[in-house]
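Below: the structure, in C-alpha cells.
The structure displayed is predicted, hence computed values, not measured ones. Heavy atoms only: backbone and side chains are in, while hydrogens, waters and symmetry mates are out. Within every chain, numbering begins at 1; the chains are lettered A, B, ... in the order of the sequence lines, protein sequences first and strands thereafter.
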Amino acid sequence: MPELPEVETVVRGLGPLLLGRRLLRVEARRPDLRWPLPADLGVRLSGARVQALARRGKFGLLSTDRGDTLIFHLGMSGRIRVSPGSPHPHDHVLFAVEGGTVLAFHDPRRFGAMDIARTDALGRHRWLAPLGPEPLDPALAPDHLARAAAGRVLAIKSLLMDQRVLAGIGNIYAAEALFRARIAPARAAGRVAARRLIALQAALADVLAESIAAGGSSLRDHARVSGELGTYQLGFRVYGRQGKPCPACGRALRLSVIGGRSSVHCTACQR
DNA sequence: ATGTCCACCTGCTGGC
DNA sequence: TGCCAGCAGGTGGACA
C-alpha cells in the first residue's frame, strides 16, 4: 500500500480535479470495505463542494463546505482512478464531480476504509487521534524517535512502523531508512544509540521526500490519480532486493521476517 | 503495558 | 502450458 509518499501523491493529484468543485453524486457500490462504510456517505457528500484536501499519516482527508471531512485509507491495494466508462470490478465508491469527471475508489483486497467526521472534530476521530507526528513536519523534534525508542525491546523496524510513533511509515520506507542509517532492522530499539536514531529520523525524512518527488513507488497497485506511475521503486536500495548485491558493499542482501513483515537488509553494513 | 501472531481479501508470480 | 502455494505497500484484535 500506499505509505505516506503514495498517499501524498494521490492527494496532490486530486487537488486539480476536486478543489472548489461540487460533488454531484457519491455512491457506494457495496456496504463495506475493511469496515462498514458510513450509511450516510452518499447523502452527506452528494452536492457538497470540496474545500480542502490533505493527508495525515496514511489517511487522505477531503473536506467539504458542509463541515464534513471524508477520511480514506487505501489499505494495501487501494487506488483512486479516473473512471471514464462503466465501473470496473473493485471500483467500490464512485464520485461524480461537477464538470464531468468521475473518480473511483478502487481496492481489490478491500483493506481500505472510509469514514466521515465533522471537520471541527477531526482530531478526535478514532483513526486520527492515536497517530504520532508527521515525519516531514519541520517542527518535529530531531530526537523524537530517540525518545520513543528509549527502553523499548521491540525491533527498531517495528517501532518505525508503529503509527503512534511516527505517522505514515510502512514496510518500504522503514527498510530504506534503516539501510541509509546503517542500522540492523531487528535490533532492539532501546539499544540503538541516540545519535544513530537521530540520524535515522533524518534519513527517513530524506527517503520520504525523495519518494514524494518521484510520485511515490509503483509496485502492483499504486498509481497517481492520473494513472501515471510513480518511479521511486527504481530507487530502492534494499526493499525487494533480497539476494542482490548491497549497493554499498556488494554482499548479498538478506531477507528476514521481523514482526511478521518481510525485511531486507545488508548484514555487513547494517549493525 | 509490551510484543507476537493471525486474520482479513484478491491477484500475481515463481517453481514444479 | 497449467496449477497452486506463497506472498504482497496495513492494521486491529486475540493472546502470552
Using a cut-off of strictly less than 4.0 Å, decide whether [X] has a side-chain nitrogen or oxygen near OP1 or OP2 of [N].
X       : N       : result
S77(A)  : dG11(B) : no
H90(A)  : dG11(B) : yes
Q163(A) : dT11(C) : yes
R261(A) : dG10(C) : yes

Check every atom of [options] against the side chain of [X] and return the nucleotide holding the closest atom.
X       : options                  : answer
Y239(A) : dC9(B), dA8(C), dT11(C)  : dA8(C)
H73(A)  : dG11(B), dC9(B), dT11(C) : dT11(C)
L154(A) : dT11(C), dC8(B), dT4(B)  : dT4(B)
P108(A) : dG11(B), dG3(B), dT11(C) : dG11(B)
M161(A) : dG10(C), dA8(C), dG3(B)  : dG10(C)
K58(A)  : dG11(B), dT11(C), dA8(C) : dT11(C)

Open item on the list: Can you confirm whether or not the ring centre of F59(A) sits under 6.0 Å from the ring centre of H73(A)?
Closed with: yes

- [ ] Could you check how far NE2 of H92(A) sits from C1' of dC8(B), rounded to whole Å?
- [x] 13 Å

Task: Between C1' of dT10(B) and CZ of R79(A), the distance in whole Å - done: 15 Å

Open item on the list: I'd like to know if R110(A) reaches the base of dC9(B) with its side chain such that a donor and an acceptor end up less than 3.5 angstrom apart.
Closed with: no

Open item on the list: Can you check the distance between dC9(B) and dC3(C), where both ends of the measurement are the P atom (answer in whole Å)?
Closed with: 25 Å

Base, sugar-phosphate, or nothing: which does [X] touch, judged by heavy atoms less than 4.0 Å apart?
X       : value
G260(A) : nothing
S262(A) : sugar-phosphate
Y173(A) : nothing
W35(A)  : sugar-phosphate
R152(A) : sugar-phosphate

TODO: Would you please determine if the base of dT11(C) is stacked by F111(A), with stacking meaning a centroid separation under 5.5 angstrom and planes under 30 degrees?
DONE: no

Task: Salt-bridge present (R49(A), E98(A); N to O < 4.0 Å) - done: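 Salt bridge present between R49(A) and E98(A).
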
- [ ] State, yes or no, whether a side-chain contact exists between R118(A) and T69(A) at a heavy-atom distance under 4.5 Å.
- [x] no

- [ ] Look at atom CZ of R66(A) and say whether more than 12 heavy atoms of other residues, nucleotides or ligands are closer to it than 6.0 Å.
- [x]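 Counting neighbours around CZ of R66(A), more than 12 heavy atoms of other residues, nucleotides or ligands fall under 6.0 Å, so yes.
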
Open item on the list: Under a 3.5 Å cutoff, is there a donor and acceptor pairing between the side chains of R81(A) and H88(A)?
Closed with: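 Looking only at side-chain atoms, H88(A) and R81(A) do form a donor-acceptor pair, the distance falling under 3.5 Å.
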
TODO: Can you tell me the pairing partner of dA14(C) across any strand shown, Watson-Crick or G-U wobble, with both distances under 3.5 angstrom?
DONE: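 Pairing partner, where one exists within any strand: dT4(B).
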
